[in-house]
Engineer: 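Just dropping this structure here.
All figures in this text were calculated on a predicted structure; none of them were measured in a lab.
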Amino acid sequence: MAGNMRIGYVAARREQVGNAVAAVQSHAVAARRPVLLPTDVASRLVRHLRDSEYLLSVLRAQDEAEAARITAELGQFAPTVAVGLLGRRIADYGGGIVARAGRLWGKVDRLAHEIGQQAEAPSLLQDAAGRWYDGVGRLTEAMTELEELKALEGWSGEAAERYGLTSAVQRAATQELSGVTTAVGDSLEETALLNSALQDAAADVLGDLRLELKAIKRRIQATPERVRLQRAYPRTTAAVEALRQALPALRSVREGRPVEGRLDDLCQGVESTKVAPAVLSLGSWPSGPDKAGVEPRDPNEVGRGRQPARNG
């Protein structure tokens, strides 16, 4: 009996946690790469952030060097006063573009660090889930003991019958409590996976930003100089647009939008679990035979996507 219950618990856990894994995997499949462990995801986020900051500084330095070279070359052919005025205009324009890029990068950096601060959360949540799953094993042992004690040898009569009914109620209540305990573990584990998915999504945004900054460097460097020099600070100008596009995506991650639907399902499952038991009542524990004959339910609704009937 206990072995069958344990098999059922393992199967249920796989089904429920599998939904959360699928949410993370669907994101990874879309990105055409495998699911990463939480520590790998956090490392990737930090690496892309660091690389993007470095590339932005390279683009800025190249623009500044090019502007200085243009001003110096013009000085060989134009009056000093005119060159000085042009140089100041270029410097003022470039300074404004660099400042704008700096402000946008500051916002990207802050958002990335806010998201990155949760890097340890998945591991902590998974550890907590493990402790709740350990409790399921202890409850399974308790149900086995209650099954063995439902009838005492040599005891008969009305009191013995009442004891047997009460023992059955206790076993049913313990069985439902096992389902609730599993639900808590599943909800913690699924929350950890959804948190990892958000970290992964943020790393993707920064990875795309990094690739775009590298592309800007190559693209402008390959542009003929007579075309490139028609606009001052072309690399930093293009980087400003790349940063502007990255910001809404990072804000979306910080607000949890990529997993919003799955998180709603999780919350609904937790709320459903509260009202699903047939023997247990929220905030109390049965102490007599009143619910003898009531079939216990599996109250774990986390990840199942359905609403159970409420207790009548």
Engineer: Inspect the contact between Glu271 and Lys274 and indicate whether a charged nitrogen and a carboxylate oxygen are less than 4.0 angstrom apart.
Structural biologist: yes
Engineer: Check step by step if side-chain contact (heavy atoms from CB on, under 4.5 Å) holds for Leu209 and His48.
Structural biologist: CA-CA 8 Å; Leu209 174 62; His48 289 336; over 6 Å; no
Engineer: Show me, pair by pair, the donor-acceptor contacts under 3.5 angstrom made by side chains of residues 103-112, not counting sequence neighbours?
Structural biologist:
unit_1: Asp109; atom_1: OD1; unit_2: His113; atom_2: ND1; d: 3.3

Engineer: How many angstroms lie between CG in Asp134 and OG1 in Thr181, if you round to the nearest 0.5 Å?
Structural biologist: 11.5 Å
Engineer: Less than 4.0 angstrom from a charged side-chain N to a carboxylate O is my criterion; do Asp265 and Arg262 meet it?
Structural biologist: yes
Engineer: Considering only residues two or more places apart or on different chains, which pairs with a residue in residues 236-259 satisfy salt bridge (charged side-chain N to carboxylate O under 4.0 Å, His left out)?
Structural biologist: Glu114-Arg254, Glu241-Arg244, Glu255-Arg257
Engineer: Looking only at non-hydrogen atoms, find the nearest pair between Pro296 and Gln175 and report the distance.
Structural biologist: CG-OE1, 3.7 Å
Engineer: Could you tell me which non-hydrogen atom of Leu165 sits nearest to which non-hydrogen atom of Pro289, and how far apart they are?
Structural biologist: CB-CB, 3.7 Å
Engineer: Measure the shortest side-chain to side-chain distance between Val169 and Asp290 over non-hydrogen atoms and say whether it is less than 4.5 angstrom.
Structural biologist: no
Engineer: In terms of hydrophobic clusters joined by side-chain contacts under 4.5 Å, are Val240 and Leu211 together?
Structural biologist: no
Engineer: Nearest 0.5 Å, please: how far is CG in Leu198 from CG in Leu193?
Structural biologist: 11.5 Å
Engineer: Heavy-atom distance under 4.5 Å between the side chains of Leu59 and Tyr233, does that happen here?
Structural biologist: no
Engineer: Nearest 0.5 Å, what's the CG-CZ distance between Leu56 and Arg235?
Structural biologist: 13.0 Å
Engineer: Which other residues belong to the hydrophobic cluster containing Trp132, where Ile, Leu, Val, Met, Phe, Trp and Tyr are joined when side-chain heavy atoms lie under 4.5 Å apart, directly or via other members?
Structural biologist: Leu125, Val184, Leu188
Engineer: Can you name the side-chain contact (heavy atoms from CB on, under 4.5 Å) partners of Ala249, sequence neighbours left out?
Structural biologist: Val205
Engineer: Quick one: do the Asn300 and Thr182 side chains pair a donor with an acceptor below 3.5 Å?
Structural biologist: no
Engineer: Pairs in or reaching into residues 51-60: which pass side chain to side chain donor-acceptor pair (under 3.5 Å), with residues at least two apart or in two chains?
Structural biologist: Asp51-Arg210
Engineer: Please name all residues satisfying side-chain contact (heavy atoms from CB on, under 4.5 Å) with Ala215, sequence neighbours left out, ordered by chain then number.
Structural biologist: Glu212, Arg218, Arg219
